[in-house]
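What follows is a short report on a single structure.
In this text, all values refer to a predicted model and were calculated from it rather than measured experimentally. Any value given below was found using the heavy atoms of this structure, including those in side chains, with hydrogens, waters and symmetry copies removed. One-based numbering, in listed order, for ligands and for the atoms of each.
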Amino acid sequence: MIIGERQEMKTQDLKKFKSSSFLVKSNSAISMLLAKLEIANAELSMKLGRNVLINMCGRVKTIESIQAKCRKKGYDATYECAMEKINDIIGVRGVCSFEDDVYRVAEVLSTHQDLKIIKRKDYIQQPKNSGYRSLHLIVEIPIYFQGEMQWIRAEIQLRTTAMDFWAGVDHQLRYKKGKKEAVLIGKELKEYSQAVAELDRKMVELRKRIDAI
Ligand code: 0O2
């Protein structure tokens with residue numbers, strides 16, 4: 001297959017993504033991962049005396065977005081290939097006020113025996129070219145369905161409120177890619193990513209001073 005060649009998903013593959021079993025397993029994985037974030041938050045809140053995760057959410061990637069990612073990456077637009085190669089078909093996000101708490105949440109999750117951490121991508125220490133910053137964990141979680149256990153892959157994105165704000169604005173810009181102004185705005189947004197990193201650093205310092213009072 002030629003990379004970038006436009007491929008539409010066949011009916012049989014679309015059916016698999018729309019099937020009840022796919023949706024039940026995916027939504028179960030999201031519920032389990034959100035529960036894990038809740039538990040990590042409770043544990044850290046108890047220890048630190050403050051709420052650590054201030055927002056969490058989850059979603060199953062839309063079929064359109066799965067198809068677009070297959071096209072972009074040059075993968076076959078089949079159910080099997082997408083499930084094997086795309087890590088974020090199932091995704092949850094946890095948002096913290098402070099950058100050091102992002103790592104605390106990841107640390108607590110790494111102690112959960114029923115969560116396999118397959119890959120850790122630290123875009124906070126090494127931001128993406130766009131300026132995107134977040135900590136990503138590619139994980140597998142066991143899901144029991146119809147008498148069988150299956151490890152389901154998912155992506156956990158952990159970030160601060162400031163990183164989340166930045167990523168939201170950048171996401172809007174992505175839909176305008178190809179337009180002349182978008183390049184200029186992208187450059188400006190990259191500069192603001194550094195300002196966001198600086199703000200995150202200052203906020204941790206401020207919190208430490210508050211804690212010390
Ligand atoms: P969306 O918006 O979620 O549909 P790889 O794991 O290396 O095979 P992948 O999955 O592209 O490839 O990994 P990467 O780069 O870690 O990106 C995973 C997700 O992180 C993206 O999913 C986005 O949600 C988010 N992300 C990565 N880079 C950026 C960025 O520059 N800006 C913003 N706003 N988000 C980013 P999707 O499917 O690309 O997008």
Side-chain angles (χ1 to χ4, degrees), residues 1 3-4 6-7 9 13-14 17 22 26-27 29-30 33-34 37 55-96 99 102-103 105-106 109 115-141 151-179 181-197 199-200:
M1 192 207 112
I3 297 207
R6 193 175 168 86
Q7 271 203 95
M9 217 169 254
D13 295 297
L14 292 174
F17 278 117
F22 170 78
S26 302
N27 286 316
I30 288 173
L33 290 169
L34 289 176
L37 287 179
N55 190 19
M56 51 187 90
C57 58
R59 61 99 183 96
V60 182
K61 213 174 184 64
T62 62
I63 295 176
E64 292 69 32
S65 181
I66 294 170
Q67 291 194 96
K69 198 153 183 169
C70 283
R71 270 202 298 276
K72 192 175 133 203
K73 301 248 178 193
Y75 302 149
D76 286 342
T78 62
Y79 174 84
E80 282 72 23
C81 186
M83 290 299 281
E84 187 199 323
K85 302 244 168 104
I86 300 180
N87 292 322
D88 67 341
I89 290 181
I90 294 155
V92 298
R93 182 175 298 150
V95 179
C96 302
E99 189 175 301
V102 165
Y103 291 100
V105 173
L109 292 178
L115 190 71
K116 282 192 207 163
I117 299 181
I118 307 293
K119 210 195 277 182
R120 178 184 155 110
K121 300 199 247 180
D122 192 343
Y123 297 131
I124 299 176
Q125 292 305 311
Q126 283 180 311
K128 296 196 75 170
N129 255 345
S130 59
Y132 175 78
R133 296 166 66 243
S134 278
L135 180 65
H136 289 192
L137 303 175
I138 309 300
V139 300
E140 280 182 358
I141 187 160
W151 288 90
I152 302 277
R153 197 153 2 114
E155 179 178 81
I156 304 178
Q157 296 184 345
L158 299 169
R159 52 173 73 150
T160 64
T161 315
M163 292 172 201
D164 196 45
F165 174 46
W166 186 95
V169 177
D170 182 64
H171 200 262
Q172 289 176 37
L173 183 66
R174 281 214 217 176
Y175 291 106
K176 311 279 168 140
K177 254 193 185 145
K179 302 256 165 69
E181 295 85 347
V183 178
L184 288 175
I185 297 171
K187 277 189 187 154
E188 201 173 329
L189 202 56
K190 191 170 177 174
E191 287 172 23
Y192 298 159
S193 161
Q194 286 164 15
V196 165
L199 179 67
D200 273 333

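- Between the side chain of Ser130 and the main chain of Tyr132, a donor-acceptor pair closer than 3.5 Å is present.
- Between the side chain of Gln157 and the backbone N or O of Gly91 there is no donor-acceptor pair closer than 3.5 Å.
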The test is salt bridge (Lys or Arg N to Asp or Glu O under 4.0 Å); show your working for Arg59 and Asp88 and say whether it passes.
CA-CA 10 Å; Arg59 61 99 183 96; Asp88 67 341; 3.8 Å; yes
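- Contact of the Leu158 side chain with the Leu37 side chain is registered, since non-hydrogen atoms from C-beta on lie closer than 4.5 Å.
- Residues of the protein with a heavy atom under 4.0 Å from ligand 1 are Arg59, Lys61, Ser65, Lys69, Lys73, Asn87, Asp88, Lys121, Tyr123, Lys128, Ser130, Tyr132, His136, Glu155, Gln157, Ala167, Asp170, His171, Arg174, listed by chain and number.
- Side chain of Trp166 to backbone of Leu189: a donor-acceptor contact under 3.5 angstrom is found.
- With hydrogens and angles ignored, the 3.5 Å screen pairs a side-chain donor or acceptor of Arg153 with a backbone N or O of Met83.
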